[in-house]
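Below is one structure, written out as structure tokens; the observations come after it.
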There are 2 protein chains.
Amino acid sequence: MTEGRRERADAARNREAILRATEELLARYRPEQVSMERVAAAAGVGKGTVFHRFGSRMGLMVALMRERAYALDEAVTKGPPPLGPGAPPEERLMAFLDAVAELVGRNKGLLAALGHAATASSKSSSSKERSDDCAEGSPDDSPVYRFWHGHASGLIAERRPDLDAELLAHILLGSLQSEPVLRLLERGESARLAASLRVMAVGMLAAPERRSPREADGN
Amino acid sequence: MTEGRRERADAARNREAILRATEELLARYRPEQVSMERVAAAAGVGKGTVFHRFGSRMGLMVALMRERAYALDEAVTKGPPPLGPGAPPEERLMAFLDAVAELVGRNKGLLAALGHAATASSKSSSSKERSDDCAEGSPDDSPVYRFWHGHASGLIAERRPDLDAELLAHILLGSLQSEPVLRLLERGESARLAASLRVMAVGMLAAPERRSPREADGN
DNA sequence: AATAAACTGGACCGATGGTCAAGTTAGGCG
DNA sequence: CGCCTAACTTGACCATCGGTCCAGTTTATT
């Protein structure tokens, strides 16, 4: 789909089955217990197929993450005002953090798995390029994280050009990866997280002494 | 307390050698390349000895982390005012965050290794208890993290009892574990991190009534 | 129907975290 | 001083994992 290149029907079916199986296993077991072999077995395909399609454990996780994050990306880039363009930066940031927190909450297993897949993947030259995407490096290099960070960073910079928006965005987003926070989400207390995230964001965007409302709001 | 038990001289010497070897390897290579076998070899002992002393990879890392964090703990509990007791909560929090950021910066390898050691450790029944400490579970269960969190949480609560101090502390501390932030520290820009952390903390501790024109509390 | 490219599956590989039983040694005690 | 036991050490061994390979199968195109 992302490709449009010719992908055989059976291949597409298997890709889907693998993704679904991973989803299922990740929801039921701890990330480190979900081995590639188990995924293959659960999907009803051979281990080789999984690697052929996704290149590596990391690739699989990233692909799944991308799928999950697709809706949020859409809402952010061309959805209605609270999340999408049109609202003031602050509100958009808040809405975005809420949304990300919820997304992360519903996918903590995946997140952990993503983080856990930091092993080496030295060789890669099977034939040409990996079919889906040759994801390499840390989980934060994934297009999903890139997008999230870019968005949050942009909103912060828009409201407070004087701050280190890039870093602040990393800090805000990074906090969602810590285990205590993940554990909270696991217990269904995403509202509590959202509230605290709000406190941080509001405080951060508040004027250092006096705010100059004209600073940035156009657009 | 840490001792108490009688530990043979040779055992103590080996423990020290292992810790030192781990330190050395961690400083020179990527965490996932530092296998237990290599640690054993570098320390000049058998692999079994390493496991006997520290129980698991996780145990080793936690022990090393504890050693490194000892100085900070001391400074916080009975050091001079900026960090230790005596100064107002805000300043203590700032100083603490600065210190933690610096500590983390100087030990990013260890941090990553700690996070990387989230593998299963099903069986444990050698004879009695593990000699050092039977660390199990996530890295955030380590006594070091516990202490840090307790301290930060306490300071926040002291200044703003109305907030969710526990969670906020987790968020603040958790952000230090994210890879983008670690990467920053790796490049020696710990001052930049400290500055942004300050912005967040200051905003968070700022007076509540000042701003809440609309959806301030939400949820 | 033929054919080339794409796909599939599972045996296989090197490495790793962790276990264990058998041998070695420190060091308190008579 | 020599003995005796509990603590300690060791390295072979195990299960499993991520990843590779290639012979055999399927698809789609002409």
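In what follows, chains carry the letters A, B, and so on, assigned in the order in which the sequence lines appear, proteins first and then strands, with residues in each chain numbered from 1. Quick caveat: nothing in here was measured; it's all calculated off a predicted structure.
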Is there a side-chain polar atom (N or O) of [X] under 4.0 Å from OP1 or OP2 of [N]?
X: A/R38; N: D/dT16; result: no
X: B/S56; N: C/dG17; result: no
X: A/T49; N: C/dG9; result: yes
X: B/N14; N: D/dC8; result: no

Please determine if [X] and [Y] form a salt bridge, counting it only when a charged side-chain N lies under 4.0 Å from a carboxylate O.
X: B/E189; Y: B/R187; answer: yes
X: A/E7; Y: A/R15; answer: yes
X: A/R198; Y: A/D98; answer: yes
X: A/E16; Y: A/R20; answer: yes

Spacing between [X] atom [atom1] and [N] atom [atom2], to the nearest angstrom:
X: A/L60; N: D/dG19; atom1: CG; atom2: P; answer: 10 Å
X: A/Q33; N: D/dG18; atom1: CD; atom2: P; answer: 12 Å
X: A/K47; N: D/dC21; atom1: NZ; atom2: C1'; answer: 12 Å
X: A/I18; N: C/dC7; atom1: CD1; atom2: C1'; answer: 11 Å
X: A/R15; N: C/dT8; atom1: CZ; atom2: P; answer: 10 Å
X: A/F51; N: D/dC22; atom1: CZ; atom2: P; answer: 17 Å
X: B/R53; N: D/dT10; atom1: CZ; atom2: P; answer: 11 Å
X: B/H52; N: D/dG11; atom1: NE2; atom2: P; answer: 16 Å

5'-most by nearest nucleotide on DNA chain C - A/A11 or B/E37: A/A11

DNA chain C: 5'-proximal contact among B/V34 and A/V45 (nearest heavy atom): A/V45

Parallel, tilted or perpendicular, as decided by the 30° and 60° cut-offs, for the rings of A/H151 and A/F96: perpendicular

Nucleotide-resolved protein contact map, nucleotides 23-30 of chain D, B/S/- at heavy-atom distance under 4.0 Å: ---BSS--

Sugar-phosphate only, base, or nothing, as touched by B/S35 at under 4.0 Å among non-hydrogen atoms: sugar-phosphate

Heavy-atom pair of closest approach, residues A/F147 and A/V76: CZ-CG1, 4.0 Å

Row check, B/F51 ring normal vs B/R57 NZ/CZ: under 6.0 Å, within 45°: no

Closest-nucleotide ordering on DNA chain D, the 5'-leading residue of A/M36 and A/G48: A/M36

